[in-house]
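These notes are about the structure you will find just below.
Each chain gets a letter, A, B and so on, in the order the sequences are listed, and its residues count up from 1.
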Number of protein chains: 2
Amino acid sequence: MASADQELGEHAGFDGARARMRLRVPSVAERVAEELRYQLAEGFLVPGAKLTEATIAEDLGVSRNTVREAFAELAAERLLLRQPNKGVFVATLEAGDIHDVYTVRRAIEVSSIRAGGSPERVAAVRAAVDEGKRAAAANDNEGLGSANQHFHGAIVALAESNRLNTIMAQILAEMRLYFHKATLNAHFYSDWLKENEQICSALEAGELERAGDLLLAYLNRSEQQQAAIHGE
Amino acid sequence: MASADQELGEHAGFDGARARMRLRVPSVAERVAEELRYQLAEGFLVPGAKLTEATIAEDLGVSRNTVREAFAELAAERLLLRQPNKGVFVATLEAGDIHDVYTVRRAIEVSSIRAGGSPERVAAVRAAVDEGKRAAAANDNEGLGSANQHFHGAIVALAESNRLNTIMAQILAEMRLYFHKATLNAHFYSDWLKENEQICSALEAGELERAGDLLLAYLNRSEQQQAAIHGE
DNA sequence: ATCTGCTGGATTGTTCAACAATCCAGCGAT
DNA sequence: ATCGCTGGATTGTTGAACAATCCAGCAGAT
């Protein structure tokens, strides 16, 4: 397998929850989209990079039309930016986008936590907190980051809304896209590790108002930090 | 223009706000998606209906591949549902979806209005209220419906978030998809006409907390009504 | 009569090759 | 240095082809 011929691989497996009796064989276009999502999340494709149709088609061993179909999907998810007649590029988060993203997060995360949730969902939040602790103990930076994402994902999942979940998933995907810039400074994480703990405790205690306030405060501070890192 | 040959038409013109110095000639795939969005909103394509690639390609005078690209986009927007190897269908809102949609609306609308907004944005909300009044006076049912959508769109626009705006636009598009079932009973509207007025007044007076509460109450009631109409 | 299993036609999924339209880097003339 | 041109590369779109899949209808078995 030469460097110019990296086949479609297996990177899925985050869906976990569904036990639907369905034998799914994702279409090629679907798998191309999945592979690109993976490469984007993993940082192999840096923001602003240009994706040439022919190259990707050849690398993945699929047709150009199929690649285009995948592009249409990812562009709708804001992971790729399509510039007519110029090509598609990995999306970049500008200064304004950071505020934008956090505006969405404030809306859906705070709303979700304020509505509470079933014991199982709350337990999932607790599980994410523990996952973070474990990662911290193991000095696992990577794991620490994804634990945090699981935490916030679990908060949105409290609302039991498919649409809210996918919106959140997309937002998190967007953030992963450019998080690699900030992913290294680990002392970052030490803060919210105990903060997540507090939020989760408040949630478990049924103090939804307070849980929401804490979460909101966290999001505001996080936005400031991100803005600072990103410059300006 | 025979029935089997309806060319791509002009139904755009909602973007208004942007005065970017850009000469945009949307790609064919884009216009196909736009045309389908239009037909969906207008109710020419009823929920559950099957869209056969070849037929649409021929009707619109474009290639099948181009149609598929448009499909990928609309499926990502939840307006179409893709069932592998079976075809794409106009999305249908099930009982659970109604709750889901309103959960999203509660999250983003209430959050937006609670944060207030610039005087111009508030004025836009007022404009939507007036638009509704005018439509009511003219007995224009159609106009009444879209005035209401403008109202709620304007509320989300308070937050000045592109992402929130597009999310709201998609949600509204989803609702239009099946609103035709309920669009006739006009006494429906008489309620929220004065309610919008109240919400808007509270917003203008800076009583954001109260505005949010009113809006929330409206959304809850509206969800119930919709659920009742949709049966069970 | 109902169920089973097959079959053929229709539709989707995907590829390929082609061509027009567009963009862009480089180069030459002013 | 600026302007304008040109040629190559890339995108946008098409049309045709074929494998895979689905589905309605039908023949045969119980």
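Residue S27(B) has its side chain nearest to dT13(D) when only dT13(D), dC16(C), dT10(D) are considered. Closest to the side chain of R64(A), from the set dT15(C), dT11(D), dT14(D), is dT11(D). The nucleotide whose nearest atom lies closest to any side-chain atom of R68(B) is, among dT11(D), dT12(C), dG15(D), dT12(C).
In this structure, F71(A) atom CZ and dT10(D) atom C1' are separated by 12 Å, rounded to whole Å. At whole-Å resolution of the value, CD1 in I56(B) and P in dT11(C) are 13 Å apart. Straight-line distance from the CZ atom of R31(A) to the P atom of dG13(C): 14 Å, rounded to whole Å. Rounding to whole angstrom units, CZ of residue R82(B) and P of dT11(C) are separated by 17 Å. Rounded to whole angstrom, the span from the CG atom of N65(A) across to the C1' atom of dT11(D) amounts to 12 Å. In this structure, E53(B) atom CD and dG13(C) atom C1' are separated by 8 Å, rounded to whole Å.
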Starting from the C-alpha separation in whole Å, work towards a yes-or-no answer on side-chain contact (heavy atoms from CB on, under 4.5 Å) for H152(A) and L215(A). CA-CA 10 Å; H152(A) 291 279; L215(A) 179 55; 3.9 Å; yes
One pair to check against side-chain contact (heavy atoms from CB on, under 4.5 Å): K50(A) and V88(A). What are the steps and the verdict? CA-CA 6 Å; K50(A) 173 171 183 182; V88(A) 312; over 6 Å; no
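One finds no side-chain N or O of T52(A) lying less than 4.0 angstrom from the OP1 or OP2 phosphate oxygen of dA9(D). Remark: K86(B) is in phosphate contact with dC23(D), judged by side-chain N or O atoms under 4.0 Å from OP1 or OP2.
Annotation: of the two residues near DNA chain C, N85(A) and E69(A), the 5′-most nearest-nucleotide partner is E69(A). Of the two residues contacting DNA chain C, namely L51(B) and V67(A), the nearest-nucleotide position lying further toward the 5' end is that of L51(B). Nearer the 5' end of DNA chain D, as judged by each residue's closest nucleotide, is the contact made by G87(A), out of T66(B) and G87(A).
Atom CD of Q224(B) has 12 or fewer neighbouring heavy atoms from other residues, nucleotides or ligands inside a 6.0 Å radius.
Ion pairing of D140(A) with R134(A) is absent here, as no side-chain N (NZ or NE/NH1/NH2) approaches a carboxylate O to less than 4.0 Å. Under 4.0 Å is where a charged nitrogen must lie from a carboxylate oxygen, and between R31(A) and E34(A) no such pair does.
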